[in-house]
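Below is one structure, written out as structure tokens, with a few remarks after it.
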Amino acid sequence: MTHGTRIVSGCETCEGPGGKRDCPVHGDTVELGTRVRPHGRAKYVFEVCRCDVCTAANTAYSQQRYRRDTLRRSATVDSGPVREHVRRLKAAGLGLPRIAELAGIHKQTVQYLMRGAAGRASGPSRRIRRATAELILAVDPATAPPMDLAVVDGTGTRRRLQALCALGWSQTVLARRLGLSQQNLNVLINGGGVRWARSRQVAQLYDEMWNQKPAEETAIQRRDVAAVRRTAVRRGWVPPLAWDDDTIDDPAARPSGVRRPARAAS
């Protein structure tokens, strides 16, 4: 029954005796303020209406969302390996701004990857756009020399200097070999980040001295060397043999072959 008007398929009121004229949704004579929510997905969800119109609208929405999520998923990849690559680049002396520059992306994109958005309690996202990941993974420190002034993690630098002290080399000698004041050397031994060029300088010195011991020919030399070693033991500094070349730069690594836990070795 139409009563001169088109019946709205799936609307029970429109299909009833009064037709569309009496429908509170589709009727032309009903005041706007008295009309209820139109048939569609919202009515399906909030009013649990299961008429053909509402059911079809909900089905169409679900299918569209599935297609959208599937497309978005295929356009992203796991961000974990990308973060690990950035950490390796940083260890090679590339700062985040430099990595972003070489990848041809905004530096904030790399910052979000490593730290997450500001104020985001959940931390970095678990996925990253495939195109962005490919650009970052293409950055190779071998073909993009690091900037000498880039700040890198100072864990390896501290451990190398502390290990030389554990052998008996005084900070005075180490500072002179590096061309530093004792105050600046003390910052390297106990500080945080370090310039890439300085970290390479310390690594080179370590490679030269890790298996050498200071002279102990005179009583004064033996006294001074013993004092340096006692200080190293008191501070928990371990000798070179406690570190593996592959892990000495890893903040998560721990020394091996020592009788007691090192308190300040990392």
Side-chain angles (χ1 to χ4, degrees), residues 40-42 44-45 57-160 188 190-203 243-256 265-266:
R41 183 174 181 275
Y44 181 96
V45 174
N58 183 70
T59 300
Y61 172 83
S62 299
Q63 292 174 345
Q64 182 183 19
R65 181 175 180 179
Y66 175 79
R67 288 193 296 269
R68 183 179 67 245
D69 290 347
T70 301
L71 179 62
R72 181 183 302 162
R73 189 81 178 172
S74 65
T76 62
V77 296
D78 182 11
S79 62
V82 186
R83 261 191 297 276
E84 285 301 318
H85 183 67
V86 171
R87 292 190 183 103
R88 289 192 291 270
L89 293 175
K90 290 181 64 179
L94 297 175
L96 294 186
R98 176 65 168 161
I99 294 172
E101 178 185 354
L102 294 172
I105 59 179
H106 197 281
K107 65 179 181 181
Q108 226 172 30
T109 302
V110 183
Q111 292 173 348
Y112 287 166
L113 169 68
M114 303 305 294
R115 306 165 188 164
R120 181 175 179 175
S122 59
S125 62
R126 289 177 290 183
R127 301 191 69 78
I128 184 175
R129 289 176 60 86
R130 184 184 300 275
T132 303
E134 292 174 351
L135 289 172
I136 295 175
L137 292 173
V139 178
D140 184 357
T143 59
M147 298 179 296
D148 287 350
L149 296 181
V151 177
V152 297
D153 184 82
T155 299
T157 298
R158 292 196 304 273
R159 287 173 176 171
R160 288 178 173 88
L188 288 180
N190 300 286
V194 59
R195 299 292 186 186
W196 179 85
R198 185 67 71 193
S199 72
R200 294 302 90 199
Q201 183 187 19
V202 171
W243 296 112
D244 186 88
D245 289 341
D246 296 330
T247 60
I248 192 170
D249 292 297
D250 182 3
R254 292 292 176 264
S256 60
S266 60

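Hydrogens, waters and symmetry mates are skipped; everything else that's a heavy atom, side chains included, is used. Being a predicted model, the structure only gives us computed values, none of them experimental. We're numbering straight along the sequence, starting at 1.
- Distance CD/Gln201 to CH2/Trp196: 11.5 Å, rounded to 0.5 Å.
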Practice problem: Please test Thr155 against Asp250 for side-chain contact (heavy atoms from CB on, under 4.5 Å), starting from the C-alpha separation and ending with a verdict. | Solution: CA-CA 7 Å; Thr155 299; Asp250 182 3; over 6 Å; no

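- In this structure, Arg160 pairs ionically with Asp249, as a charged nitrogen and a carboxylate oxygen lie closer than 4.0 Å.
- Looking at heavy atoms from C-beta onward, Arg198 lies out of side-chain contact with Thr157 at the 4.5 angstrom threshold.
- For the pair Ser199 (side chain) and Val194 (backbone), a donor-acceptor distance under 3.5 Å is absent.
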Self-check item: Asp153 vs Arg87, side-chain contact (heavy atoms from CB on, under 4.5 Å): CA-CA, chis, key distance, verdict
Solution: CA-CA 10 Å; Asp153 184 82; Arg87 292 190 183 103; over 6 Å; no

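- Here the side chains of Ile99 and Met114 are not in contact, with every heavy-atom distance at 4.5 Å or above.
- To the nearest 0.5 Å, atoms CG (Leu89) and CG (Leu137) are separated by 9.0 Å.
- Without hydrogens or angle criteria, Ser79 side chain to Arg126 main chain gives a donor-acceptor distance under 3.5 Å.
- Between Leu96 and Lys107, the closest side-chain pair of non-hydrogen atoms is not below 4.5 Å.
- Closest non-hydrogen pair, Arg159 versus Thr247, comes out as NH1-O, 3.5 Å.
- Contact annotation: the side chain of Thr132 never approaches that of Leu113 to less than 4.5 Å [non-hydrogen atoms, C-beta and beyond].
- When side chains are defined from C-beta on, Val139 does not count as touching Val86, because their heavy atoms never get closer than 4.5 Å.
- Within the model, atoms CD of Gln108 and CZ of Arg115 stand 10.5 Å from one another, a figure rounded to the nearest 0.5 Å.
- Enclosure of atom CZ in Arg129 is not indicated, since only 12 or fewer non-hydrogen atoms of other residues, nucleotides or ligands lie within 6.0 angstrom.
- Across Trp243 and Ala253, no two heavy atoms sit closer than the pair CZ3-O, 4.1 Å.
- Looking at every heavy atom in both residues, Arg41 comes nearest to Tyr61 through NE-CD2, 2.9 Å.
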